[in-house]
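Here's the structure, in structure tokens; my notes come after.
Numbers restart at 1 for each chain; the letters A, B, ... are given by sequence-line order, proteins then strands. Given the structure is predicted, the values throughout are model-derived calculations rather than measurements.
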Amino acid sequence: MLSFSPIFYPSEANPYMTWQPNKLEQERLDKLRQIESMGVEAFPARVKRTHTAAQALAAYAVWEAAHPDADKSGDDPALGVTVTVCGRVRRQNIKGKVSFLHIEDESGRIQLFMRVNDMDEAAYNLVREKLVELDDFVQATGTIMRTQAGEISVRVREFKLLAKALSPLPVIKQQKQDDGTVIEFGEFTDVETRYRQRYADLAVNREVRDVFKQRALIIRTMREFFDNEGFLEVETPILQPIYGGAAARPFVTHHNQLHQDLYLRISFELYLKRLLVGGYDAVYEIGRDFRNEGVSFKHNTEFTMLEFYKAYIDYEGVMDLVERMVRTIVQRATGGTVIEYQGQTLDFGAPWQRLTIREAIKQNAEIDYMDHPTAESLEAAMRKIGLQFAPNQTWGKLVEHLLGETVEKKLIQPTFILDYPRDISPFAKRVGYDNQHVERFEIYMAGMEMGNAFTELNDPRDQEARFIDMAQLYRADEDDATPTDEDYLRAMRFGMPPCGGFGMGVDRLVMLVTNQRSIRDVLLYPHLREEQR
RNA sequence: GGAUCCCUAGCUCAAUUGGCAGAGCAGCUGACUCUUAAUCAGCAUGUUGUGGGUUCGAGUCCCACGGGAUUCACCA
């Protein structure tokens, strides 16, 4: 027979509860005890909502327009719109025998106008004696009316506590201006607490809630775009026996029963391209990648990636798709094609600039790296313009470093940088014009790398050669190591159609569209160090 | 991993050369039947991130640790 733990008041000495209520919390616990001793349920199971706050306001607007001369005092409960609304108490103004509460649900706020003679006195006294207070959830039924000040309110006739808040949220007061804008007084700004206790951040900061609504809209639009283009959405393994498709250190885990080490994926690339061998023309996946690397304002250990692969196009075709996709998203999310990001203006309407990496570096660093065909020679040229870099890097890594140091920050407008060195691009097809470059591009916006794409390598002999080259160039424990994936080669030997592919950091796009400076502000639960007590 | 800065009441912030830890909000007591940052009268609020040290005396100076921010390194 099971025995269940009793419900108790945390103020009592209890060996099982670690919570130490502070003074304000102790006040609330005392109120909870008082409420329950009166026979009032503090956490009832039954709730009945007929209208959200926004629906109630809208319903009243319709009624008012149809009855311009009707009494708006709400004195006659049969006249007008009767609603039951629910929400969290965000403002209280108790004036003796009459009280005003603002309650908030996801749709917005609505005022409750409570008079002791309109309702059961015991219910009214819950408010008057502040047994129901800020942050509690309540339900109210009544007729919608306008106060003498003109605010649309529910004239409450029935009132019920839905859930008691035992800890107070940070206090923020609002003042609504005549033009509809809202000024906030008091803030909840401590970033650590906001990230660690995102629920409190969301409960208190509407603009934070809005960011994540925008995020959902962006991802929904992305899905619709690819669905409309005839792509198939797929899901591929997160736990992979061999990681690949990107240069990054993976997380390792272990399957006990199979005695098998597994990696959390660092990209979806190789699994998606196998599907083109299987006969799909175009596939995409939106999902989580994991990289065992440092965090920064634009890096989180787990992040959301979009990848797509489409047969019978090359990287030119990919550029066209990407440009249309991003423009569609920006238009849907912002209503236009121009966005303000941290003081910069980005135009997504105009055709994006396309520039080879060689040309970009030539313009900004005055180095033509093709004049320096060896790592030693290129190192010397870079040292001459004052650049610092890690020793013993490959030629391609140096070129990439050169781009990052001299060009990246200047690429504010959306820009395609084309034709990367081969030795850092093991899955891209060589360009026609030489043996050093491959058909690959990255996109840059606001000085940040946003995405990466290739004309995909589909010759299994060349692919195998690349794996061999990578094994020679990079040690297995280096970030850039690309382990040979025999099964991927086996798939390619069955024939892979010529195709183009693309990957993009979705979080970074969300940062741009929502004008957030840090990736942590577009992730509900950003990765933080473990909390120490 | 390095450098710099930050951590004071539930929230936002003060505290002079090292000299009695304070204010607004919310909280508590009371008043108030149309308020809206409600108002008015009164009350209370602390292990100054943690642990050491210097000093007659530390929120303030020094050391270590914890957490965070920025930045560099790293990062297709």
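The P atoms of C62(B) and U71(B) are separated by 26 Å, rounded to the nearest whole Å. Nucleotides U54(B) and A69(B) have their P atoms positioned 35 Å apart, rounded to a whole Å. Atom name P, nucleotides A58(B) and U16(B): the rounded distance is 16 Å, in whole Å. The separation of G27(B) from G22(B), taken at their P atoms, amounts to 23 Å, rounded to a whole angstrom.
In this model, the phosphate group of A26(B) is not approached by any side-chain N or O of K23(A) to a distance below 4.0 Å at OP1 or OP2. Listed pair T189(A) / U12(B) meets the phosphate criterion, a side-chain N or O lying under 4.0 Å from OP1 or OP2. Contact annotation: R91(A) side-chain N/O to A38(B) OP1/OP2 distance is under 4.0 Å. Note on R196(A): a side-chain N or O is less than 4.0 Å away from OP1 or OP2 of G68(B). Taking only side-chain nitrogens and oxygens, Q92(A) comes nearer than 4.0 Å to OP1 or OP2 of G27(B).
F113(A) comes within contact range of at least one nucleobase, with a heavy-atom separation under 4.0 Å. Residue N117(A) is in base contact, counting any heavy-atom pair closer than 4.0 Å across all strands shown. Using a 4.0 Å heavy-atom cutoff across all strands shown, E151(A) reaches at least one base atom of the nucleic acid. No engagement by P421(A) is indicated, since no non-hydrogen atom pair under 4.0 Å with the nucleic acid exists.
Comparing C74(B), C34(B), C32(B) by their closest approach to the side chain of V98(A) singles out C34(B). When the nucleotides A76(B), C25(B), G27(B) are ranked by their closest atom to the side chain of K31(A), G27(B) comes out on top.
One interatomic measurement links the two molecules: CZ of R90(A) to P of A37(B), which rounds to 15 Å at whole-angstrom precision. As a whole-Å value, the separation of K173(A) NZ from U12(B) P is 16 Å. In this structure, CG of N22(A) is placed 9 Å from P of C11(B), rounded to the nearest angstrom.
K273(A) and Y488(A) form a side-chain donor-acceptor contact under 3.5 Å, judged by distance and modelled atom types alone. A donor-acceptor contact closer than 3.5 angstrom is absent between the side chains of Y243(A) and S267(A).
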Let's go through F502(A) and F308(A) carefully: what are the C-alpha distance in whole Å and the side-chain angles of both, what is the deciding distance for ring pair (Phe, Tyr, Trp, His ring centres under 6.0 Å) to 0.1 Å, and is it a yes or a no?
CA-CA 5 Å; F502(A) 176 75; F308(A) 73 74; 5.5 Å; yes

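Looking at R198(A), its side chain does come within 3.5 Å of a backbone N or O of L523(A) through a donor-acceptor pair.
In RNA chain B, consecutive stretches of 3 or more Watson-Crick or G-U wobble pairs with both distances under 3.5 Å are given as paired ranges: B:1-7 with B:66-72, B:10-13 with B:22-25, B:27-31 with B:39-43, B:49-53 with B:61-65.
Note: H437(A) and F454(A) fail the aromatic proximity criterion, with ring centroids not under 6.0 Å apart.
Here the side chains of R440(A) and N452(A) are in contact, with some heavy-atom distance below 4.5 Å. Between R128(A) and K97(A) the shortest side-chain heavy-atom distance falls below 4.5 Å.
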